[in-house]
Amino acid sequence: MFGLLAGIASSLWRGISGVAATMPLGIKGIKYFIDSNFREQVTPQPGSVLYSDLGFLAEHSGIYVGDGEISNIEVTDIGEGTVRRCGPADFTSKSILGRKIYVSCNSYGAVGCEVVADKAESHIGDRGFYGLIFENCHDFSRQCVNHSPKGREASRIERLLAQTNLVSDNWERTIKELKVAVKNKLSATKWRLWDWDGSLADNPALEPDWQAQEEHLKNQPLSEEVMAALRAELAECKAYEAELVDEELPAEVRKKLAGYGQLLGGIDTTYEKAKPLLTACAGANFSYHDLKLCRDDIEPLARQLEQNRVIKELVHKMGRAYISEEKKKQARIPKASKSEVHGTHRSDDLARLLPTELVNLEDEALETLFYARFLEQNLMTYELQGVSLTQGEQLELEKKRTGPVVACLDTSGSMSGVPLLKARALLLAVSAILQQEARSLHVVLFGDNGELREYVMHEENSAAGLLHFLRQGFGGGTDFETPLNRACEIIRDAKAYEKADILMISDGDCVLSDDYIEHLQTRKKILDCSIYSVLCHGQRVTDRFSDEVVVL
């Protein structure tokens with residue numbers, strides 16, 4: 001079981017760091033390096049609490065009972081544990097972060113209690129349920145510690161606080177409850193290593209690759225699950241810094257440790273500020289590095305997405321194929337329900353009864369006749385007809401309702417400020433929906449005559465890359481013909497954009513000639529596409545080339 005935990009923990013850290021955990025990583029690896037090289041090692045006393053790091057977010061604990069032996073729970077069957085006595089080699093045999101053991105200490109050395117040792121030893125041989133979340137090794141150690149006549153037991157509030165800042169549903173939450181109990185009952189404020197096999201002098205822990213860890217943290221795609229793990233790291237880092245505050249450490253090491261904690265705190269703060277943006281762009285895979293590059297835009301974009309009702313409604317429509325073949329499919333796809341009256345027929349459908357049949361219920365003599373006709377399915381009812389679709393036909397219909405999009409964004413001088421901010425927020429939200437629905441998106445930035453820049457969304461080019469792209473612009477005049485011509489070319493020439501629709505995002509401050517509008521309408525019919533215009537500034541304007549106009 002401990003091997004399984006270690007494997008799960010290792011996999012979790014690899015998912016967060018992107019690096020195989022062949023050496024200690026994260027705050028546990030940092031602690032192991034500092035504790036091995038710069039802090040005094042200790043020998044436990046009877047009743048000392050011990051724990052060994054199995055891997056990221058996983059530990060195993062027990063009580064030192066003297067003579068080099070430890071009382072602890074070992075998993076002996078599925079869901080079953082047995083309290084056994086073992087040596088330090090067995091105690092650390094499942095660890096992937098080193099073979100050393102942490103001991104409860106104060107500023108002067110190891111601390112323990114004979115009563116705690118006796119209690120732990122008295123349970124050797126006990127068998128019972130073993131759980132990852134409760135009734136585990138940490139619960140056993142804590143219950144033994146609470147028998148100490150010294151100090152006091154942790155209050156309920158303290159125990160609840162000990163459970164905060166953890167990965168939701170993680171399997172080792174009780175280690176923090178144990179540490180609270182050890183602090184209250186044994187006055188242990190520190191945890192130091194026990195060099196039980198005397199190997200540290202010849203095999204000191206290697207210094208972590210601080211730069212590599214920093215790069216992985218900065219470039220890790222952020223999600224609620226990843227942030228929960230990083231917040232657990234941050235909480236442990238802060239607790240460790242507090243533990244070392246009165247100890248001598250090389251200035252450079254202390255500085256690197258502080259920098260690691262500051263980076264975790266910075267990621268947490270930046271994530272919280274960007275949460276509305278990340279929620280709207282679910283699956284966008286923004287990293288801390290991405291968010292920092294666009295830090296000037298993040299909060300305003302987040303506010304727009306959170307507070308702009310029209311953007312929310314528009315994105316909701318787009319998720320339901322607003323930018324799609326919605327208009328075209330109405331002309332050729334019948335409604336998938338029976339709703340048209342085609343005459344009358346005889347049946348037992350009470351919901352479709354003719355009024356003349358209901359009259360019979362008013363007369364006692366005719367009421368029996370009504371029920372007889374009902375049983376014979378001989379009542380006069382309306383006959384409805386329509387088209388009922390099979391599940392496969394319905395899926396095909398849904399597929400036809402959605403398609404690729406070519407989005408043209410005006411970045412002329414008249415769009416600067418809030419209008420362009422609204423446009424960026426809208427495009428980011430739209431891109432997230434299209435990506436989730438596996439729909440292609442081709443973005444064209446335009447300005448004056450001939451000014452174009454393009455970006456194609458695919459798995460490698462995520463919304464994070466789109467955000468970087470959208471920070472560009474031209475800032476001059478406005479020419480609609482160039483982007484509209486380019487959008488039509490994309491739909492005509494690119495197989496992936498066949499029958500795509502065009503989304504024009506601007507302030508509407510442009511005039512098209514009658515000849516060009518006539519030419520554009522002809523191209524729309526040939527390409528079987530529609531144009532939807534979104535105005536980010538001013539009032540609704542009348543144009544003769546858009547199929548629909550929306551004002552943000």
Side-chain angles (χ1 to χ4, degrees), residues 277 280 297 300-324 326-327 405-434 441-449 451-455 466-467 469-488 500-514 516-517 520-521 524 529-552:
L277 173 65
D297 292 338
L301 282 171
R303 284 196 297 271
Q304 284 292 334
L305 287 166
E306 193 172 38
Q307 300 171 8
N308 194 311
R309 178 182 57 82
V310 180
I311 288 181
K312 288 182 179 180
E313 292 176 354
L314 191 56
V315 170
H316 179 69
K317 287 181 180 179
M318 289 174 178
R320 293 176 176 270
Y322 179 74
I323 306 173
S324 66
E326 184 69 24
K327 179 181 176 183
V405 175
V406 179
C408 301
L409 173 59
D410 181 3
T411 62
S412 62
S414 58
M415 280 284 288
S416 62
V418 175
L420 192 55
L421 191 66
K422 289 180 180 179
R424 289 172 179 166
L426 173 63
L427 261 181
L428 283 169
V430 170
S431 70
I433 290 176
L434 296 180
L441 173 65
H442 193 121
V443 181
V444 178
L445 300 187
F446 68 93
D448 210 339
N449 184 29
E451 294 181 332
L452 292 179
R453 290 194 182 104
E454 300 182 29
Y455 183 90
L466 176 62
L467 180 55
F469 173 74
L470 293 178
R471 301 186 75 211
Q472 305 176 77
F474 295 104
T478 310
D479 168 41
F480 271 24
E481 290 189 17
T482 300
L484 285 170
N485 286 336
R486 177 59 185 145
C488 290
D501 288 322
I502 300 171
L503 172 65
M504 289 292 296
I505 307 175
S506 72
D507 57 1
D509 188 14
C510 183
V511 177
L512 293 174
S513 67
D514 292 340
Y516 183 79
I517 291 176
L520 182 61
Q521 295 291 10
K524 285 169 58 181
C529 72
S530 300
I531 299 178
Y532 299 91
S533 292
V534 177
L535 306 184
C536 299
H537 182 62
Q539 302 298 315
R540 183 182 298 273
V541 297
T542 302
D543 71 49
R544 292 185 291 116
F545 68 88
S546 299
D547 294 88
E548 186 168 343
V549 179
V550 177
V551 179
L552 290 185

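Computed over heavy atoms, backbone and side chain alike; hydrogens, waters and symmetry mates excluded.
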**Flag side-chain contact, heavy atom, 4.5 Å: V550 against L535** = no

> With distance as the sole test, does Y455 use its side chain to make a donor-acceptor pair with the main-chain N or O of L466 at under 3.5 Å?
Replying inline: yes

Measuring only between side-chain heavy atoms, which start at C-beta, is F446 closer than 4.5 Å to D410? yes

Checklist line | Pairwise side-chain contact, L426 with V534, heavy-atom cut-off 4.5 Å (strictly under) | finding: yes

One should read off an interatomic distance between I517 CD1 and S546 OG, to the nearest 0.5 angstrom, of 9.5 Å

Nearest heavy-atom contact between S416 and P419 is O-CD, 3.4 Å

Heavy-atom closest pair (M415 atom, A423 atom, distance to 0.1 Å) is CE-CB, 4.1 Å

- Item | L445 backbone acceptor or donor facing T411 side chain under 3.5 Å | no

Note, E454 side chain near V443 side chain (heavy atom, < 4.5 Å)
no

Nearest heavy-atom contact between R453 and G473 is NH1-O, 3.5 Å

Minimal heavy-atom distance between C408 and I502, with the atoms involved, is SG-CG2, 4.4 Å

In the structure I gave you, are the side-chain heavy atoms of C536 and D507 within less than 4.5 Å of one another anywhere? no

Is the side chain of Q521 donor-acceptor paired with the backbone N or O of R544 at a distance under 3.5 Å, no angle test? yes

Can you check whether F480 and Y516 have ring centres sitting under 6.0 Å from each other? no

### Query
Quick one: does L452's side chain get under 4.5 Å of P483's, heavy atoms only?
yes

Quick one: does L484's side chain get under 4.5 Å of R486's, heavy atoms only? no

| field | Audit row: S506, T478, side-chain contact (heavy atoms from CB on, under 4.5 Å) steps and yes/no | value | CA-CA 9 Å; S506 72; T478 310; 6.0 Å; no

| So, K524 side chain and F545 main chain: donor-acceptor pair closer than 3.5 Å or not? | yes

Those residues at least two apart in sequence (or on a different chain) that pass side-chain hydrogen bond (donor to acceptor under 3.5 Å, both in side chains) with T482 are N449, D479

*Considering only heavy atoms from C-beta outward, does the side chain of D501 approach that of I531 to under 4.5 Å?*
no

Separation between CZ (F469) and CG (L409), nearest 0.5 Å, reads 8.5 Å

Please check this pair: side chain of R424 against backbone of L470, looking for a donor-acceptor N/O pair closer than 3.5 Å. yes

